[in-house]
Protein chains: 2
Amino acid sequence: MAKPTKELDILKHHLSKNNLKLTRQRENILTTFLKMEHVTAEQMYRLLAKKDPHIGLATVYRTLKLLCETGLAQEQHFGTQTQFDNVAHKGHHDHLICTTCDKIIEFENCQIEELQEEVARKNGFTIRTHKLELYGNPVQLSSGECKNCGKDLSNQDVRR
Amino acid sequence: MAKPTKELDILKHHLSKNNLKLTRQRENILTTFLKMEHVTAEQMYRLLAKKDPHIGLATVYRTLKLLCETGLAQEQHFGTQTQFDNVAHKGHHDHLICTTCDKIIEFENCQIEELQEEVARKNGFTIRTHKLELYGNPVQLSSGECKNCGKDLSNQDVRR
DNA sequence: GTCATTGCAAAGTCTTTGCAGGTGA
DNA sequence: TCACCTGCAAAGACTTTGCAATGAC
């Protein structure tokens, strides 16, 4: 099936190191996961169910957690929603989230990361991971709608 | 009971504006909330139950949500945990979270905030709120323990 | 053949909702 | 008075766990 990837090797290595086995489900989940920037467990479940209708949601949860342990994925909480980020391919990135249409834009900014390190250093900390989310929306039209999705924004408070 | 505060006035104003009523429970929750930097619904419930054993957890959830609507509180998700932050007194702040003992340190950094605005501007966004969390731990001792709480850190991966 | 893994269903956790009785303005 | 509130219990959303059958090595 899928040609060997660096990521598959990472998974295999983690599996053998921990006496675990490479199953069809695990391989499918990894393959699908690598095509995405981020997924929720539910989304992953629905994607997989198209090809393999008998897949269980519990397996998806278990495998996504496994991918986090290998370092290929990283669990992220946006508001109330839990997403699994593909860090393997893109490296670390932060998020800009549209509060009207829930679209997520990824970005990186070295200057911010440096300032974060500085804050940590001042507090005697070593940063292991971090999370930065900006919530907002595209400049609104004079008519009061979101430029992206058209929803009415005129009665939303701005609070930073 | 509690002498009048600016925050109580904000609450009263919001209530009357929306045809809501000031109840004993709402006043108690506000009073307790103002003493804290942040609480979970469960913590708030236990604190209140000491004085008023018949308080309902649902009331706590409803009232904390109400405080968010007034702008006195702000809901924050740390990992899997939901906290309600007291923004009224301290203004916006970000968080430095110890991954070994879960202690939360609050900080502010204007330079980071400016860079955030810049990122948003480049993407045509207006920031409505943001969230920055640094996860890490105090410099570890040569023996491998967390300086803060003594837990063993030597086998934790550093991934940024 | 052995032991990890799977799918299913049941159980957990956290939060919200429906409702009947209580209460503030 | 009358609509809003409360506490309780039930329902929901999301995630984890127990278990018997299945499958990888």
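Protein chains get the first letters and strands the later ones, always in sequence-line order, with residue 1 at the start of each. Keep in mind that the numbers below use all heavy atoms, side chains included, and drop hydrogens, waters and symmetry copies.
Between A:Gln81 and the phosphate of D:dA13, there is no side-chain N or O to OP1/OP2 separation shorter than 4.0 Å. Considering only side-chain N and O atoms, A:Lys65 lies under 4.0 angstrom from the phosphate OP1 or OP2 of D:dT16. Neither OP1 nor OP2 of D:dT16 sits under 4.0 Å from any side-chain N or O of A:Tyr61. A sub-4.0 Å separation between OP1 or OP2 of C:dG7 and a side-chain N or O of A:Gln25 is present.
Nearest-nucleotide positions on DNA chain D for B:Pro53 and B:Leu15 put B:Leu15 closer to the 5' end. Comparing B:Leu22 and B:Leu57 against DNA chain C, the residue whose closest nucleotide sits nearer the 5' end is B:Leu57. Nearest-nucleotide positions on DNA chain D for B:Asn19 and B:Gly56 put B:Asn19 closer to the 5' end. Of the residues near DNA chain C, B:His77 and B:Thr23, the one whose nearest nucleotide (by heavy atom distance) lies more toward the 5' end is B:His77.
A donor-acceptor contact under 3.5 Å is not formed by the side chain of B:Arg26 with the base of C:dG24.
Nucleotide C:dG24 holds its P atom 8 Å from the CZ atom of B:Arg24, rounded to whole Å. The distance between atom NE2 of B:His14 and atom P of D:dC5, rounded to the nearest whole Å, is 10 Å. Atom CG in A:Leu64 sits roughly 14 Å away from atom C1' in D:dT16 (whole-Å rounding). Rounded to a whole Å, the CD atom of A:Gln83 is 13 Å from the P atom of D:dC14.
Between A:Glu117 and A:Arg121, none of the side-chain N atoms (NZ, or NE/NH1/NH2) sits under 4.0 Å from a carboxylate O, so this pair counts as no salt bridge. Ion pairing between a basic and an acidic side chain is recognised when a charged N comes within 4.0 Å of a carboxylate O; B:Lys131 and B:Asp94 show no such pairing.
Distances from the side chain of A:Lys21 to the nucleotides C:dA25, D:dG23, D:dG7 place D:dG23 closest.
Checked options A:His77, A:Gln74, A:His38, A:His95; the residue passing with A:Gln83 is A:His38 (criterion: side-chain hydrogen bond (donor to acceptor under 3.5 Å, both in side chains)).
Using a 4.0 Å heavy-atom cutoff across all strands shown, B:Thr82 reaches sugar-phosphate atoms only and no base atom.
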